[in-house]
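Structure first, commentary second.
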There are 2 protein chains.
Amino acid sequence: MSILIKNVDIYVNNKIKTKQNIAIKNNRIKNFPISPDETEYDEIINGNGMLAIPGFVNTHTHVAMTLFRSYADDMALMDWLQTKIWPAEDHLDNDIVYWGSMLAFAEMIRGGTTAFCDMYMFMDSCAKAAEKAGIRGNIARGLSGISPNADQALQENIELYKNWNNADNGRFRVMLGPHAPYTCPPDYLKKVCKVAKKENMPIHIHLAETLNEVNDCIKQYSITPIELMNNIGLFDYPTLAAHCVYVNDNDINILSKKNVKVAHNPGSNLKLASGISPITKIIKKGITVGLGTDGASSNNKLDMYSEMRLAALIHKANTLDPYAITSKEAINLATKNGAKCLGYSDLGELKEGYLADIQLIDRTGFHWKPRLNDISLLVYAGNSFDVNTVIIHGKTVMKNKELLTIDTEKLDYEISRVIKKLYSFKH
Amino acid sequence: MSILIKNVDIYVNNKIKTKQNIAIKNNRIKNFPISPDETEYDEIINGNGMLAIPGFVNTHTHVAMTLFRSYADDMALMDWLQTKIWPAEDHLDNDIVYWGSMLAFAEMIRGGTTAFCDMYMFMDSCAKAAEKAGIRGNIARGLSGISPNADQALQENIELYKNWNNADNGRFRVMLGPHAPYTCPPDYLKKVCKVAKKENMPIHIHLAETLNEVNDCIKQYSITPIELMNNIGLFDYPTLAAHCVYVNDNDINILSKKNVKVAHNPGSNLKLASGISPITKIIKKGITVGLGTDGASSNNKLDMYSEMRLAALIHKANTLDPYAITSKEAINLATKNGAKCLGYSDLGELKEGYLADIQLIDRTGFHWKPRLNDISLLVYAGNSFDVNTVIIHGKTVMKNKELLTIDTEKLDYEISRVIKKLYSFKH
């Protein structure tokens with residue numbers, strides 16, 4: 001399978017090169033031919049007037065939580081989890097998670113997101129939906145060490161790894177998903193570490209999301225969550241830490257030294273009144289930071305344009321530094337740095353040999369005029385509805401704003417059906 | 001002229017009423033008939049499946065600054081003004097401002113904004129563009145007391161009032177536009193007050209936008225900008241104060257006592273690294289707060305959906321209170337409270353006798369599924385591209401996403417033309 005994107009502007013090395021051609025062979029960018037022979041390609045996409053940038057990498061989400069979108073808002077994290085989300089999650093099943101995930105993939109592809117990193121339940125169903133949708137995914141079974149089925153869940157995570165890691169020629173990767181220090185006691189985390197060592201699996205965990213979490217941890221263990229994880233040995237395995245809103249200088253040093261990656265979720269951290277992560281300090285220490293939407297229930301959308309803009313805006317005010325996160329840095333957080341968070345070294349940039357995850361952006365909207373600086377416009381004015389075409393793993397999954405891998409009529413029908421089933425407990 | 005919007009859900013009194021009819025007669029909402037006779041109406045709009053909410057009121061902007069969108073980004077306010085914006089503004093003329101304004105109106109209408117409050121130059125051209133676009137506007141001549149043409153500008157503001165105040169059956173209102181305390185010395189502001197008294201004109205001013213502004217004011221006058229304005233007597237006239245990022249408890253008491261309205265511009269305040277206004281404290285004191293985008297050059301869009309979401313999000317994290325600005329409050333800031341900022345008591349709600357400024361929202365996007373709480377969805381997930389139809393002052397200005405009052409092909413052509421003219425100084 002080969003694709004030629006003709007005559008498109010491309011974002012590469014923090015600059016825009018106009019009127020390029022992108023040749024895709026199988027799942028990778030082959031090259032940027034100057035005078036391509038169109039007859040050599042299975043599919044030709046006219047990129048005239050459009051801007052090609054790497055697909056966005058959503059480094060922290062719980063995709064099936066689309067089904068809890070607008071179910072509980074204007075609440076603090078623990079109240080929201082304990083009184084609304086966890087009780088509702090007891091009613092999930094494979095069928096519900098499959099369609100909730102599919103809805104998320106439709107929304108994400110629609111808005112230029114080509115890869116996601118998830119930690120949740122019924123992940124086999126999530127993976128099957130991702131396989132159908134054609135999106136790239138790092139998936140983990142969410143693990144709660146205080147749950148009665150804690151060991152069974154860890155076993156499921158191992159099964160998930162055996163079934164899905166590297167599936168579809170590397171489109172899937174499986175991580176271990178210990179939920180958080182406050183749901184996973186040290187003994188359980190040590191079991192997780194054993195599996196990480198034995199199976200060579202990376203770890204995805206929520207860390208230092210709220211001030212209460214940090215204070216409770218200090219009360220219980222006399223050290224911060226980051227120090228606790230380090231002492232347990234979690235960071236001896238490749239770790240992606242979501243949130244890191246409350247991290248002190250010593251915590252940041254640990255994260256840097258242990259090469260922990262950070263998934264920054266500005267929208268969710270604001271909405272749950274968690275706070276604002278000191279992400280500029282974290283970046284300055286050389287730590288790789290990606291962006292995430294978190295679940296749709298705490299956002300309430302899976303829109304990386306919104307998240308990228310938020311990241312570029314809030315840290316300027318929080319540090320009173322207008323250079324805090326520049327537009328170029330914001331794009332890189334959403335693309336190549338996100339790819340590194342997922343463990344890729346060949347994703348998130350438009351380069352020869354890189355995986356072909358690409359979005360083509362329509363710049364004809366009023367908010368794109370005048371076109372004085374496309375990079376600024378993309379970050380500060382761009383809208384997920386500007387995305388025209390999306391290619392993932394060398395396959396066109398959206399063309400001219402039409403989803404090619406998801407039957408949206410069927411999706412509508414199935415979402416109505418599973419919503420009735422999911423919320424039947426309320427009646 | 002009469003319009004019937006049939007079978008539409010409406011947002012009224014902080015709730016959603018399903019399957020209503022809205023009857024519009026001339027420029028006002030006549031009533032909500034249960035069994036309307038369609039033959040009585042000039043225009044029928046099928047609102048089936050859509051949500052009608054009041055049009056957004058953008059309480060602080062500089063519309064022609066669309067032409068500086070992406071011209072200068074990632075800069076602090078004073079640097080940005082002094083090195084980039086003010087020099088470029090010297091090259092504006094009536095023709096350029098007309099088309100820059102028209103571009104803004106296209107973008108605003110496209111995103112459900114039906115009224116704007118502007119302070120800028122060549123305002124006769126802005127008004128003419130607004131008249132053509134059909135948008136509601138409060139306009140002011142921006143006044144700099146330290147400029148060589150300070151008195152002439154004040155005279156132009158009076159002329160603007162005579163020519164445009166209450167034009168088109170009340171669609172236009174003219175305010176006085178003293179720029180800010182740091183550009184308008186007390187003696188000049190006293191002249192502005194005299195005009196306000198004589199002509200019975202309200203005032204629109206930037207106040208306490210940055211920490212430097214406040215510190216400089218205290219250094220020069222030993223009091224805060226708010227105290228200074230109060231001492232000068234500015235607040236004896238109806239005043240809309242944009243920003244109020246740095247206001248202490250005493251300042252807030254003054255604003256409350258003098259019934260000063262506040263235009264909150266979260267996006268611009270974040271982008272220019274100004275800071276985060278203590279808007280929840282301001283609201284608690286009973287002060288009327290509206291939302292604004294500020295100019296497109298410091299935002300970089302005129303998208304009230306983004307602004308409403310930002311307002312709902314950032315204050316939660318800034319106060320660590322998940323209830324800081326609820327979704328309902330955010331909608332009210334963007335609609336009825338904004339209308340009050342512009343001096344209206346019959347705008348910003350869907351009520352009998354109120355001015356007919358309405359947006360109809362398409363809720364079929366993936367980000368609107370499942371529809372558990374439309375009010376939350378509107379604020380946290382809503383997108384300006386969801387707007388399907390817009391009515392202003394009883395006239396349909398956008399229908400099925402097509403602008404009816406603006407020739408978008410001509411707009412494209414004219415924007416290219418005036419951009420060449422405006423930026424010729426760079427060559």
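Chain naming here is simple, since letters A, B, ... match the order of the sequence lines and numbering starts at 1 in each.
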### Message
So for B/Ile419, is it side chain, backbone, both, or neither that comes closer than 4.5 Å to the heavy atoms of chain A?
### Response
side chain

### Qualifying residues under side chain to side chain contact (heavy atoms under 4.5 Å, CB included), relative to A/Ala208, sequence neighbours excluded
A/Val214, A/Val247

### Query
Any side-chain heavy-atom pair from B/Phe366 and A/Ile406 closer than 4.5 angstrom?
no

### Task
Please report the closest heavy-atom contact between B/Ala76 and A/Pro322, naming both atoms and the distance.
N-CG, 3.3 Å

### Task
Against chain A, label B/Leu302 side chain, backbone, both or neither, depending on which of its atoms sit under 4.5 Å from a heavy atom there.
neither

### Query
Of the backbone (N, CA, C, O) and the side chain (C-beta and beyond), which part of B/Ile325 lies under 4.5 Å from a heavy atom of chain A, both, or neither?
backbone

Distance-only donor-acceptor screen, chain B against chain A, under 3.5 angstrom:
{"residue": "B/Arg69", "atom": "NE", "partner": "A/His367", "partner atom": "O", "Å": "3.4"}
{"residue": "B/Arg69", "atom": "NE", "partner": "A/Lys369", "partner atom": "O", "Å": "2.8"}
{"residue": "B/Arg69", "atom": "NH2", "partner": "A/Phe366", "partner atom": "O", "Å": "3.2"}
{"residue": "B/Arg69", "atom": "NH2", "partner": "A/Lys369", "partner atom": "O", "Å": "3.3"}
{"residue": "B/Ser70", "atom": "OG", "partner": "A/Asn373", "partner atom": "N", "Å": "3.1"}
{"residue": "B/Asp73", "atom": "OD2", "partner": "A/Ser376", "partner atom": "OG", "Å": "2.6"}
{"residue": "B/Asp74", "atom": "OD1", "partner": "A/Lys316", "partner atom": "NZ", "Å": "3.1"}
{"residue": "B/Asp74", "atom": "OD1", "partner": "A/Tyr380", "partner atom": "OH", "Å": "2.3"}
{"residue": "B/Asp74", "atom": "OD2", "partner": "A/Ser327", "partner atom": "N", "Å": "3.1"}
{"residue": "B/Asn299", "atom": "O", "partner": "A/Arg309", "partner atom": "NH2", "Å": "2.6"}
{"residue": "B/Asn299", "atom": "OD1", "partner": "A/Arg309", "partner atom": "NH2", "Å": "2.4"}
{"residue": "B/Arg309", "atom": "NH2", "partner": "A/Asn299", "partner atom": "O", "Å": "2.7"}
{"residue": "B/Arg309", "atom": "NH2", "partner": "A/Asn299", "partner atom": "OD1", "Å": "2.4"}
{"residue": "B/Lys316", "atom": "NZ", "partner": "A/Asp74", "partner atom": "OD1", "Å": "3.1"}
{"residue": "B/Ser327", "atom": "N", "partner": "A/Asp74", "partner atom": "OD2", "Å": "3.1"}
{"residue": "B/Phe366", "atom": "O", "partner": "A/Arg69", "partner atom": "NH2", "Å": "3.1"}
{"residue": "B/His367", "atom": "O", "partner": "A/Arg69", "partner atom": "NE", "Å": "3.4"}
{"residue": "B/Lys369", "atom": "O", "partner": "A/Arg69", "partner atom": "NE", "Å": "2.7"}
{"residue": "B/Lys369", "atom": "O", "partner": "A/Arg69", "partner atom": "NH2", "Å": "3.2"}
{"residue": "B/Lys369", "atom": "NZ", "partner": "A/Asp412", "partner atom": "OD1", "Å": "3.0"}
{"residue": "B/Asn373", "atom": "N", "partner": "A/Ser70", "partner atom": "OG", "Å": "3.1"}
{"residue": "B/Ser376", "atom": "OG", "partner": "A/Asp73", "partner atom": "OD2", "Å": "2.6"}
{"residue": "B/Tyr380", "atom": "OH", "partner": "A/Asp74", "partner atom": "OD1", "Å": "2.3"}
{"residue": "B/Asn383", "atom": "OD1", "partner": "A/Asn383", "partner atom": "ND2", "Å": "3.0"}
{"residue": "B/Asn383", "atom": "ND2", "partner": "A/Asn383", "partner atom": "OD1", "Å": "3.0"}
{"residue": "B/Asp412", "atom": "OD1", "partner": "A/Lys369", "partner atom": "NZ", "Å": "3.0"}

### Query
Among B/Ala104, B/Ala273, B/Pro266, which residue forms the greatest number of heavy-atom pairs with chain A at distances under 4.5 Å?
B/Ala273

### Task
Check whether any side-chain heavy atom of A/Leu67 lies under 4.5 Å from a side-chain heavy atom of B/Leu372, and answer yes or no.
no

### Query
So which part of A/Leu378 gets closer than 4.5 Å to some heavy atom of chain B, the side chain, the backbone, both or neither?
neither

### Query
Given the options B/Leu377, B/Leu313, B/Ile314, which has more heavy-atom pairs under 4.5 Å with chain A than any of the others?
B/Leu313

### Task
Identify which part of A/Leu310 has an atom lying under 4.5 Å from any heavy atom of chain B, answering side chain, backbone, both or neither.
side chain

